[in-house]
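The figures here come from the full heavy-atom set of this structure, side chains too, leaving out hydrogens, waters and symmetry mates. Numbered from 1 within each chain, the chains take letters A, B, ... in sequence-line order.
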Amino acid sequence: MDKNKKELSKAWESQKFEGLIYKKWEESGYFNPDNLDLPEDAPSYSIVLPPPNITDKLHLGHSSMLAIEDLLIRFHRMKGFRTLWIPGTDHAAIATQNAVERKILKEEGKTRHDLGREKFLEKVWEFLRETQATILMQTRRMGASLDWSREAFTFDDERKGAVRKMFVEMYDAGAIYRGERMVNWCPRCHSTLADDEVDHEEKKAKLYWIKYGPFVLATSRPETKLGDTAVAVHPDDERYKDMVGKEYDIPGVLGTFKIKVVADKVVDPSFGSGAIKVTPAHSFVDNEIAMRHGLPMKQIINEDGRMMENCGKYAGMTTAEAREAIVADMEKMGLIDHIDEDYVHNTSQCYRCGSVIEPIPSKQWFVDVDKKLDRLNGKSLKEKAIEVAKSKEITFIPDRFTKRYFHWMENLHDWCISRQIWFGHEIPVWYKDSEIIVSETAPEGEGWIQDADTLDTWFSSGMWTFSTLGWPDNTDDLKKFHPTQVLETGYDILTLWVSRMIIMSLFALQEVPFKNVYLHGLVLDKHGKKMSKSKGNGINPVEMIDKYGTDAVRLSLLVGNTPGNDLRISEEKIEGLKKFVNKIWNISRFVFQKINSKETEYQEITGYTISDVWILEKFKNLIDEVTDDIENYNFSQAGEKLRVFTWDDFADWYLEISKIEKNQQKQEILKNILADSLKLWHPYVPFVTEELWKEVDDTSLLIVEKWPKKEKYEKILQGIHPKKREYSLLLIQKIIVSIRNARAQYNIQPTQKIDVTIFAGEKFEFLNQNENIIKNLRTNIGNISISEKGAELKNAYYENIEDVEIYIALEGVVDFKKEQERMTKEISQKESFVNALNKKLSNEKFVENAPKEIIQQEKEKLELAKAQIEKISSFLQKIK
RNA sequence: GGGUGAUUAGCUCAGUUGGUUAGAGCGCUUGCUCGACACGCAAGAGGUCAGUGGUUCAAAUCCUCUAUCACCCACCA
C-alpha cells in the first residue's frame with residue numbers, strides 16, 4: 001500500500017472520474033477478449049447488443065438494457081470467461097425513413113418524392129451519422145464494456161454482403177419466393193408491413209346496415225361494396241339455407257351487380273343479420289373465404305389508399321371520402337336501412353406512422369416458413385424453431401414467455417420481407433423481360449433492372465448474432481463465439497426480433513443464435529405510465545448521469561428490476577441510489593484509513609473475536625449467494641444482498657466494532673473483505689469500485705480481477721476454534737439495541753452515562769468476553785456488571801433478551817406505570833405465542849409428520865418463551 | 001373470445017422447491033457532529049399478505065372460484 005497517497009475526497013465525485021476511468025478501460029484493451037490473459041481452453045461468453053435504432057437518441061429503456069448486459073459481461077469477464085460483447089446500431093429501414101420524412105416535411109415542406117431517391121438517401125445518411133454519434137456517446141457514458149473494435153451496423157458493407165448472401169441462399173433453397181398475396185399496406189409509408197408490424201386499436205365507428213338485394217347486412221366499410229363478389233352465411237343458418245349457391249342481383253351506387261351466396265363457417269350467425277358481404281381483395285377474412293369458394297377478386301383500392309379507375313365517379317377519392325359519398329348516394333337510393341353510431345371495433349394501424357392499414361393484394365417476396373428444407377433434415381423453419389425451444393436448446397427467462405413464443409410460432413404465416421421504401425437493403429434480384437436472376441452481384445449484360453423494393457429491417461437484424469461475427473466466412477470469431485450465450489432484450493420484441501433471429505440462424509448455420517433469452521420489461525415513470533415525448537414524462541439518461549453519476553443510474557435500473565416485469569423509475573430513486581454509491585465510497589475511505597495506519601495498540605487482543613467470525617461467515621455466504629443469484633439472473637436480489645451486507649452488517653456493525661475492539665486480525669479482515677466486496681460490487685457500480693481499487697492495488701485494473709471465491713474465507717474460519725462459534729453476535733446485537741432503545745424511550749441525553757447489570761446465566765463467559773462492545777457501541781454505559789445470576793434489581797428498567805436479564809439503573813427516570821404496561825403487553829404476546837406452540841406440539845399429526853429439526857426448533861422456542869415469561873412476571877411482581 | 005402477469009406497510013417492491021412471531025428502500029415520528037459518511041448515525045410507528053373455498057401437521061407461498069388492474073394474441077364483417 002502506498003503511504004504517500006493523497007487522502008480520498010469526502011464524497012464520490014462521479015463527474016470527475018467517470019470519463020477518465022472509461023478511457024483507461026478502453027486503452028487497456030480488455031473490452032476485447034483477444035487481449036484477456038486467458039488459458040487456451042477458457043470458455044467463451046458472448047452477447048450481442050440489441051442494436052438500437054438510429055432513429056433517435058437512447059432513452060432509459062436502452063440504459064436498462066445496457067446496465068443488465070454490462071453486469072453480465074463484467075461478471076463473466078471476472079469469472080475468467082473469454083468474454084465478448086458486440087456493439088452496433090440498426091438502420092431501422094422504415095422507422096428511419098419515416099423520421100427523415102417527418103423532418104424534411106417540417107423543415108422544408110417537401111415529400112421524399114420531391115427530392116427523388118438519391119437526394120433523399122443523402123438526407124437519410126446525414127441524419128443517421130448524427131444520431132449514431134449521439135447513441136455511441138450515450139452508450140459509453142453508461143460504462144458499457146463493449147468491444148468497440150468489433151462494432152457493426154446493420155447497413156454497413158459487411159452486413160450488406162451477408163444479407164445478399166443470405167437472400168440468395170434462401171432463394172436457392174426454396175425458402176424465399178415471390179408471390180401475389182394479400183398484404184398489410186400502409187398508404188402513407190407506401191409499403192407492406194408484416195402482420196406484427198400492425199397495431200390494433202379499439203375505436204368507435206358507425207355500423208351501416210345496408211339493404212343488399214334480398215339481404216340486410218351490417219358493415220363498417222360500405223365503400224368496399226364496389227369490390228364485393230359474394231355474400232357469405234353460416235352453413236347451419238336456417239334463415240339463409242335455401243339461398244346458398246344461388247346468384248342474386250344487387251342494386252348498387254354504380255348500378256346493379258351480381259353476387260353469389262356461399263356458406264362458410266367463419267361467419268358468425270349472431271353478428272348483424274348473420275350474412276356478410278365478401279370483398280376478397282380488401283379483407284383478410286374475405287380473401288380466405290374467396291380462396292375456399294373460388295370467388296373472383298376485384299381490387300378497388302390502390303396503393304395510395306384511393307379508389308381505383310374501376311370505381312366510376314368515386315375514382316381518385318380516399319377511402320374515407322368515398323365512404324361518405326357512397327353512403328350519401330345510398331341514402332338517396334334508399335339502400336341504407338339504419339346506422340348504429342357507437343359501434344366499437346378494432347382498427348389496424350401502421351406501427352410506425354399510425355395510418356390506417358389497407359389490406360390489398362400485391363406481388364411481394366416472402367420467406368416460406370413451411371417449406372421442408374434439406375439442410376434442416378427435411379424440417380421447415382417453423383418446425384425447427386419450435387423444436388429448439390421444446391428441447392430447451394433455447395430457454396426463455398422468465399419461463400412464461402416460452403408459451404408466448406410457441407403460440408406465435410405455431411400460428412406463423414409466411415413472412416413478407418419486401419418493402420416499398422427507399423432506405424434499406426436492396427433486394428438482390430434483377431429482371432429483364434420475363435427473365436429473373438437472383439444473385440449476390442449484378443448480372444452481366446444490358447437491360448437488367450434491379451428489384452426496386454428493399455428488405456424488411458428485421459431481415460438484416462435477424463442475422464445479427466452471426467453477421468457481426470464474420471458470416472458467411474467461417475471466421476475464428478464465428479467458431480468461438482456462436483451461438484451466443486444470452487440474448488437480453490425487451491419482451492415487446494420477442495416476436496418481431498427474437499423469433500426472426502432464431503429462424504435466420506437455423507437456416508444459415510443450422511444452430512441456435514443464443515442459448516438463453518433474458519427478457520426485460522418496460523421502463524415506466526413513477527405513476528406506471530409509459531415514458532413518451534408527448535407526455536413529457538421521459539427521463540433523459542445523460543442528464544441523470546450528469547446529475548447523479550452513472551453508477552447511481554445503473555443501480556436504479558437494476559434494483560427492483562425482475563425478469564419480464566416492468567420497472568417504475570423516478571428521479572428520486574436515482575437520487576437515493578447516488579447516496580448509496582457515496583456510502584460505498586465512505587466505507588472504503590474509512591477502511592483505507594484504518595489499514596494504512598500503523599497503530600500498535602491493535603495488539604490488545606490476540607486471536608479472532610466473535611465479530612470477526614461473524615463477518616467472515618457472513619461474507620463467505622455472501623460470495624456464494626451473490627454468485628448464485630447473478631448466474632440465475634436474479635440481479636436485483638443479488639444487489640439487495642450486497643447492500644444489506646455492505647451497509648448493515650459491514651458498516652453499521654463490523655466497522656463500528658472495529659473502532660472499539662483492537663486485535664491483530666482486524667486489518668487483514670478489513671482489507672480482504674473490502675477488496676472482495678469491491679469485486680462483487682463491480683458489475684453493478686463499475687466506476688466507483690474501479691476508482692477505489694486504486695487504493696487496493698494501483699498496478700491492476702478491477703475490471704479484470706478474479707471474482708472472489710468463498711474458499712479463502714472457509715480456510716480462515718476452519719482455523720478458528722469452534723468455541724468461538726458457539727454463540728452468535730446476534731445476541732450481543734440484540735442486547736445493544738435494547739439498551740439503546742431504553743435510552744431513547746426515556747430521552748436519556750447521549751452524553752449521560754448509564755449503569756447496566758446483566759444476569760447472563762450460561763452465556764456469562766461469552767458476554768463477559770464481549771463486555772467492551774456492549775459497553776461502548778453507542779450505548780454509553782458507565783458501569784457494567786455481568787454475572788451469571790443475582791437478585792432482581794428494583795427501580796430499574798428491565799429487559800429479557802433470550803433469557804438474558806438486563807437491568808438499567810434509571811432511578812427517578814423510569815415511569816413504572818409505563819413499564820408495567822410494556823411488560824404486561826410483552827407477557828401477553830409471549831403467552832399467545834406459547835399457546836400456539838403448545839397446540840402445535842400437542843398435535844399428534846404435527847409430531848408425526850413434521851421434520852425433526854422443525855419440531856426441535858419449535859420446542860426450543862417454547863422453552864425460551866416460557867422462561868422469559870416467568871422472569872418478566874417475576875420482575876413485574878416486584879415493582880407493583 | 002383465448003392467454004399471461006399483477007394484487008404484501010402511505011408509496012415502490014423483495015419474499016426460488018410450503019416450515020422463526022412476514023422483509024427492504026423511500027416517506028413518517030423522535031433524538032443525535034459519536035475515530036468514514038448529515039449523501040450520515042441511533043431508536044421507533046406502520047401489514048387480516050385483494051376476497052372466497054379447499055389441500056396440508058403447517059399456506060403470502062399449492063389448487064378452486066371471484067374481483068380489480070395491466071399486457072399479449074386473435075378478430076366481428
Original post:
Which part of the nucleic acid, if any, lies within contact of K403(A), taking any heavy atom under 4.0 Å across all strands shown: a base, the sugar-phosphate backbone alone, or nothing?
Top reply: sugar-phosphate
Original post:
Looking at side-chain heavy atoms only, is the closest gap between L207(A) and I339(A) below 4.5 Å?
Top reply: no
Subject >> Identified pairing partner of G10(B), criterion: Watson-Crick or G-U wobble below 3.5 Å >> reply: C26(B)
Original post:
Do D629(A) side-chain atoms and F635(A) backbone N/O form a donor-acceptor pair below 3.5 Å?
Top reply: no
Original post:
Is R568(A) touching bases, backbone alone, or none of the nucleic acid, heavy atoms closer than 4.0 Å?
Top reply: sugar-phosphate
Original post:
Within 45° of the six-membered ring axis of F846(A) and under 6.0 Å from that ring's centre, is NZ or CZ of K839(A) located there?
Top reply: no
Subject >> Residue closer to the 5' end of RNA chain B, I854(A) versus S283(A) (nearest nucleotide) >> reply: I854(A)
Subject >> Of residues 579-587 of chain A, the positions that come close to RNA chain B - non-hydrogen atoms, cut-off under 4.0 Å >> reply: K579(A), N582(A), K583(A), N586(A), I587(A)
Subject >> Side-chain-base donor-acceptor pair under 3.5 Å for E858(A) and A58(B) >> reply: no
Subject >> Complement of C57(B), any strand, by Watson-Crick or G-U distances under 3.5 angstrom >> reply: G19(B)
Subject >> Residue F833(A), side-chain heavy atoms: nucleotide from C32(B), A36(B), U21(B) that is nearest >> reply: U21(B)
Original post:
Counting side-chain heavy atoms from CB outward, which of C57(B), C37(B), U21(B) is closest to K861(A)?
Top reply: U21(B)
Subject >> Touch class at under 4.0 angstrom, heavy-atom based, for T562(A) against every strand present >> reply: sugar-phosphate
**OP:** Give the nucleotide from the list G35(B), G19(B), C73(B) with an atom nearest to the side chain of F590(A).
**Re:** G35(B)
**OP:** Output yes when at least one side-chain N/O atom of K10(A) is less than 4.0 Å from OP1 or OP2 of A38(B), else no.
**Re:** yes
Original post:
Given that K641(A) and A865(A) both sit by RNA chain B, which one's nearest nucleotide is further toward the 5' end?
Top reply: K641(A)
**OP:** Look at the side-chain N and O atoms of N741(A) and state whether any lies under 4.0 Å from the OP1 or OP2 oxygen of G44(B).
**Re:** yes
**OP:** Output the single nucleotide from C39(B), C57(B), C72(B) whose closest atom is nearest the side chain of K578(A).
**Re:** C39(B)
Subject >> Taking every non-hydrogen atom, the tightest pair across S556(A) and L567(A) >> reply: O-CD2, 4.0 Å
Subject >> Nearest listed nucleotide, side chain of K277(A), among A77(B), C73(B), A43(B) >> reply: A77(B)
